Q: 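Below is one structure. I have some questions about it.
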Amino acid sequence: GDSVTQMEGPVTLSEEAFLTINCTYTATGYPSLFWYVQYPGEGLQLLLKATKADDKGSNKGFEATYRKETTSFHLEKGSVQVSDSAVYFCALSFLTGGYNKLIFGAGTRLAVHP
Amino acid sequence: GAVVSQHPSRVICKSGTSVKIECRSLDFQATTMFWYRQFPKQSLMLMATSNEGSKATYEQGVEKDKFLINHASLTLSTLTVTSAHPEDSSFYICSARDRQGWAYEQYFGPGTRLTVT
């Protein structure tokens, strides 16, 4: 079945370090891909998305490129801040019955220290 | 931005009792709401999809008689865990789709931590 695999955390970085969180997927067909972020005590928020191969999603300095050949959607940021500390979830979806059914990875906790 | 609330944020109940969790879309109308369950250090697992005014659609392996879902209005869906047992202890998260928004966009609540003793 369809699934998402992302790197285990926690990932601990110093402020201004480069971030990569790996995400690969298994799916029949061509899903849309997403990164969600969950800050402490809050609900998941959509961070960025890509709906077709070679699309690059970007937001708040984060970016990820939909790579069909490697079935990957790795999240990157050039210079992390303490405020980026959160749990990041990679997800895929297919439109089903007019809405988006999401399949999530396990989440990767990021801790950024000053 | 669109806000989804859940109530309560934490609940402790005794084994054999039932507990109701509410999910509300505060500033938009949600034709579709989703209920997820999250185990420690694991991903969110979709339990069921509820559409306003109709029966919920449950994912394979989810007991519909145990997890009762009601989506009575465009802003409220409830999940009732009936005859709860310790193995039902988990983090329950809802999300909602704005009827006027993109099909892919879901707005998530902050979650409800259920502990069954």
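In this text the structure is predicted, and so the values were computed from the model without any measurement. Quick note on labels: first sequence line is chain A, next is B, and so on, each numbered from 1.
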Q: Taking atom CD of Glu42(A) as the centre, does the number of heavy atoms from other residues, nucleotides or ligands within less than 6.0 Å exceed 12?
A: yes
Q: Just wondering, more than 12 heavy atoms not from Lys52(A) lying within 6.0 Å of its NZ?
A: no
Q: Is it the case that atom OH in Tyr30(A) sees more than 12 heavy atoms from other parts of the structure closer than 6.0 Å?
A: no
Q: Can you give me the closest heavy-atom contact between Ser43(B) and Gly105(A), atom names plus distance?
A: CB-O, 2.7 Å
Q: Using non-hydrogen atoms and a 4.5 Å limit, figure out which bit of Leu46(B) sits close to chain A: side chain, backbone, both or neither.
A: side chain
Q: Name the one of Tyr107(B), Phe108(B), Tyr36(B) that satisfies side chain to side chain contact (heavy atoms under 4.5 Å, CB included) with Leu44(A)?
A: Phe108(B)
Q: What distance do Gln38(A) atom CD and Ile93(B) atom CD1 have between them, rounded to the nearest 0.5 Å?
A: 5.5 Å
Q: Is any side-chain heavy atom of Gln106(B) less than 4.5 Å from a side-chain heavy atom of Leu102(A)?
A: yes
Q: Which heavy atom in Phe89(A) sits nearest to a heavy atom in Gln38(B), and how many Å separate them?
A: CZ-NE2, 3.5 Å
Q: Can you confirm whether Met45(B) is buried at CE, in the sense that more than 12 heavy atoms of other residues, nucleotides or ligands lie under 6.0 Å from that atom?
A: no
Q: Got more than 12 heavy atoms from elsewhere within 6.0 Å of NE2, His85(B)?
A: yes
